Structures are given as structure tokens and as C-alpha cells.
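Have a look at the structure below before the remarks.
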Amino acid sequence: MDIIVLAAGSGERFIRSLHTGQTQIKKQFATISGRSLIAHTLYALANASTINKIVLVLPKQLNADDQAEIDRLSAVIPDRLITAIGGKERSDSVQFGLNALERQQDISPYLAIHDCARPFITDDILRRLLTA
């Protein structure tokens with residue numbers, strides 16, 4: 001199965017709840033247990049035997065720290081990770097992810113769409129999804 005991971009959102013509610021002075025944290029780059037939310041999600045998917053290609057749909061603009069995190073993650077799973085830029089609406093981001101996947105070779109006949117803010121996906125859950 002190939003998977004599109006939506007991580008292009010602004011996370012406005014999340015930012016409002018964590019806003020501390022001048023620092024604004026994009027939800028997907030917030031740290032939980034020493035790792036960004038986006039890293040938790042990508043590592044879980046990269047380690048899942050059911051996942052072929054991962055399309056990560058990102059915001060148009062990233063600050064230097066966030067871009068460095070994406071570069072680091074891309075180096076960890078370079079053969080399976082494809083990045084795309086998201087759109088104004090979630091449906092636009094899904095379409096841009098589909099467009100990026102369509103340009104790849106060896107794509108799976110199955111596709112899942114996953115929200116980056118749900119990092120605790122497991123191989124078992126993905127297997128059950130494919131079975132269903």
C-alpha cells in the first residue's frame with residue numbers, strides 16, 4: 001500500500017493552545033518524547049511492512065529548523081519518501097499528493113490517506129485495513 005501523509009495544515013487551534021510569546025510551533029513539528037510529531041509518524045510508516053511509498057504533503061513555506069527536520073527524515077528513508085507541497089484546502093493537498101505519487105514507478109494498487117497528527121499508526125492496523 002502507498003500512503004499520503006497530510007502535514008500541510010497550519011494547525012491554528014494547536015498553535016493557539018501552545019502559543020508562548022513569539023514562538024509559534026507548527027503542530028507537525030511539535031516535539032513529543034524527543035521526536036517531532038512528523039518523525040513519529042514517518043518512522044511508524046517506514047517500519048510498517050505494508051507500506052511501499054510514502055508521500056509527505058508539506059506546507060509551502062517551512063522555517064529553517066523545520067526544513068532541516070524534513071531533510072534529516074528524507075535521508076533516513078530516501079528510497080520511499082516523496083514530498084509534495086500542500087494546497088489551501090485539505091482536498092487540494094490530497095490532490096497534490098496524488099499527483100506526486102502518480103509520477104512514481106512501482107506504485108501499489110492500494111492507497112491510504114493519513115493525517116500526520118495521528119502518529120501512532122501500527123503495522124497491525126494497516127494490515128487489518130488492507131484485509132478489510
Side-chain angles (χ1 to χ4, degrees):
M1 160 183 357
D2 296 318
I3 193 161
I4 295 173
V5 179
L6 299 174
S10 62
E12 289 179 26
R13 289 176 305 194
F14 180 81
I15 289 170
R16 279 196 304 269
S17 69
L18 284 187
H19 189 62
T20 56
Q22 296 180 350
T23 303
Q24 286 192 354
I25 303 166
K26 283 186 171 61
K27 176 170 51 176
Q28 55 274 49
F29 293 99
T31 301
I32 299 171
S33 298
R35 211 182 245 179
S36 69
L37 194 61
I38 203 165
H40 280 288
T41 302
L42 290 179
Y43 284 128
L45 294 171
N47 289 321
S49 63
T50 51
I51 296 298
N52 179 33
K53 303 235 187 266
I54 303 167
V55 179
L56 179 61
V57 184
L58 295 163
K60 189 178 280 192
Q61 294 181 331
L62 295 174
N63 66 38
D65 290 338
D66 295 347
Q67 184 61 57
E69 174 76 344
I70 295 303
D71 293 344
R72 186 183 64 73
L73 292 167
S74 294
V76 173
I77 48 174
D79 55 329
R80 296 171 47 208
L81 184 64
I82 301 138
T83 59
I85 302 301
K88 183 177 178 185
E89 302 293 330
R90 179 175 288 265
S91 59
D92 299 325
S93 293
V94 170
Q95 184 62 58
F96 296 153
L98 288 168
N99 294 348
L101 185 60
E102 188 176 67
R103 292 188 290 271
Q104 302 300 309
Q105 295 180 3
D106 302 321
I107 61 174
S108 171
Y110 299 100
L111 173 68
I113 298 175
H114 187 69
D115 188 333
C116 175
R118 310 291 183 262
F120 303 113
I121 188 79
T122 65
D123 200 29
D124 181 57
I125 292 170
L126 292 165
R127 266 195 227 111
R128 287 186 293 157
L129 177 66
L130 275 172
T131 301

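Quick caveat: nothing in here was measured; it's all calculated off a predicted structure.
Among residues two or more places apart in sequence or in another chain, the side chain to side chain donor-acceptor pair (under 3.5 Å) test is passed with Y110 by none.
With hydrogens and angles ignored, the 3.5 Å screen pairs a side-chain donor or acceptor of H40 with a backbone N or O of I32. A side-chain donor-acceptor contact under 3.5 Å links D123 to the backbone of S49. Side chain of S93 to backbone of G87: a donor-acceptor contact under 3.5 angstrom is found. Proximity of a side-chain donor or acceptor of D2 to a complementary backbone N or O of V55 within less than 3.5 Å is not detected.
In this structure, I85 is not a member of the same hydrophobic cluster as I82, with clusters built from ILVMFWY side-chain heavy atoms closer than 4.5 Å. Hydrophobic clustering (ILVMFWY, side-chain heavy atoms < 4.5 Å, transitive): L126 and I4 are in distinct clusters. In the hydrophobic cluster analysis, where Ile, Leu, Val, Met, Phe, Trp and Tyr join through side-chain heavy atoms closer than 4.5 angstrom, L111 is grouped apart from L129. L6 and I54 fall into different hydrophobic clusters, where Ile, Leu, Val, Met, Phe, Trp and Tyr are joined by side-chain heavy atoms under 4.5 Å apart, directly or via other members. Two different hydrophobic clusters hold F96 and L101 under the rule that ILVMFWY side chains link at heavy-atom gaps under 4.5 Å.
None of I38, L42, L81 except one satisfies the side-chain contact (heavy atoms from CB on, under 4.5 Å) rule with I70; the exception is I38.
Residues R90 and D115 meet the side-chain proximity criterion, which asks for heavy atoms closer than 4.5 Å. Inter-residue side-chain proximity for L62 and F29 is flagged as met; some heavy-atom pair is nearer than 4.5 Å. Inter-residue side-chain proximity for P119 and R35 is flagged as unmet; no heavy-atom pair is nearer than 4.5 Å. Between L98 and E102 there is no side-chain heavy-atom pair separated by less than 4.5 Å.
Residues I125 and I121 approach most closely at CG2-CD1, 3.7 Å, considering heavy atoms.
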